[in-house]
Asks: 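The structure is given below, and queries will be raised subsequently.
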Amino acid sequence: MKIVVLNNCVKMPILGYGVYQIAAYYECKRCVLDAIDVGYRSIDTAAAYQNEEAVGAAIIESGVDRKEIFLTSKLWISHVGYEATKKAVEESLNKLQTDYLDLYLIHQPFGDVHGSWRAMEKLYHDGTLKAIGVSNFHPDRVMDLIVNNEVVPAVNQIETHPFYQRYEDQRFLEENDVQHESWAPFAEGKNNTFSNELLVSIGEKYNKSAAQIVLRWLIQRGVVVIPKTVHKERIKENIEVFDFELSDGDMESIQSLDTSKSQFFSHRDPEIIQWFSERIEN
Ligand code: NAP
């Protein structure tokens, strides 16, 4: 497995397994066991996914040493702020049955994220969180966090796929030594990702599926990917992307699919910010 080295020297697999929208306990546990079985060593969960117990149980049942697994979880908006964040990390650790996280992210860029960040810095310094980062932060919010705090985020996990390619965000993140991580590499199948004519035709040249072309394209850009699927054959398909290389021409032609717009919602939309903020408890 190819790895990326984060700004604090922590090593992270460039491909992991995402468990969003796999809330049922036994289903999620089975999926994570399947992923570990076929060779994934990075799992991306979040308090908001309500499946941390299943993820933790699967890691233990797999028999793979905890140190071999790169485990990410995220702070939900209901727990922003210094004290609430410390409590939220403790809850995640309990549910995941572990005493540390490889990466912990602020899930949404709203509310008292500076208070959260300072709590995360403390937990980072005491070794509970091996790396800390953010998610869904546009460059302005990343810069605000960088200039007003001590630890530079190791990762920014943002919507990135062929229809929202985010080359400019990537340039900004690279300039500031923040690793770009993609969520929804397939745009959750929107725009018929898996039967897209261009992606399928590129795939035919390499004997690969459209899904594999998308993941390879992101990996060749140096972007971390965490595809989700509940099907074991697809879990396997999605990791089989290290035995071929896309040509420069194919990499470039995928740029024609960019719409430069989110396929979900904008984190800069005032109505969205209001909706999220109504969920802050403290
Ligand atoms: P995604 O990975 O882009 O797409 C998942 C969808 O693609 C599912 O419907 C899955 O169907 C299908 N699929 C996966 N592999 C396939 C293949 N090889 N062939 C055909 N269909 C395939 O979407 P996502 O789950 O939203 O994003 C990935 C991960 O990113 C999440 O699980 C989560 O960890 C993270 N995420 C983070 C945020 C955030 O705000 N930070 C937001 C969203 C997601 P089946 O399951 O039926 O196979």
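Being a predicted model, the structure only gives us computed values, none of them experimental. One-based numbering, in listed order, for ligands and for the atoms of each. All heavy atoms count here, side chains included; hydrogens, waters and symmetry mates do not. For the single chain, residues carry numbers from 1 onward in sequence order.
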Asks: Which protein residues have a heavy atom closer than 4.0 Å to any atom of ligand 1, listed by chain and number?
Replies: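 Close residues (ligand 1, cut-off 4.0 Å): G18, V19, Y20, D44, Y49, K74, H107, S135, N136, Q157, W183, A184, P185, F186, A187, E188, F194, A211, I226, P227, K228, T229, V230, H231, R234, E237, N238.
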
Asks: Output all residues satisfying salt bridge (Lys or Arg N to Asp or Glu O under 4.0 Å) with E240, sequence neighbours left out; order by chain, then residue number.
Replies: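 Expected list: K236.
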
Asks: Do any pairs count as a side chain to side chain donor-acceptor pair (under 3.5 Å) and have a residue in residues 1-21, sequence neighbours left out, and if so which ones?
Replies: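 Sorted pair list: N8-Y124.
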
Asks: Could you check if a side-chain atom of V32 sits within less than 4.5 angstrom of a side-chain atom of E61, using non-hydrogen atoms only?
Replies: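 Of all side-chain heavy-atom pairs linking E61 with V32, none is under 4.5 Å.
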
Asks: Just checking, any donor-acceptor pair under 3.5 angstrom between side chains of Q263 and N191?
Replies: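 Yes.
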
Asks: For K261, which residues count as a side-chain contact (heavy atoms from CB on, under 4.5 Å) partner, sequence neighbours excluded?
Replies: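 Applying side-chain contact (heavy atoms from CB on, under 4.5 Å) to K261 gives T259.
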
Asks: Before giving the answer on salt bridge (Lys or Arg N to Asp or Glu O under 4.0 Å), spell out for D102 and R41 the whole-Å C-alpha distance, their side-chain angles and the decisive distance to 0.1 Å.
Replies: CA-CA 12 Å; D102 296 278; R41 289 295 178 269; over 6 Å; no

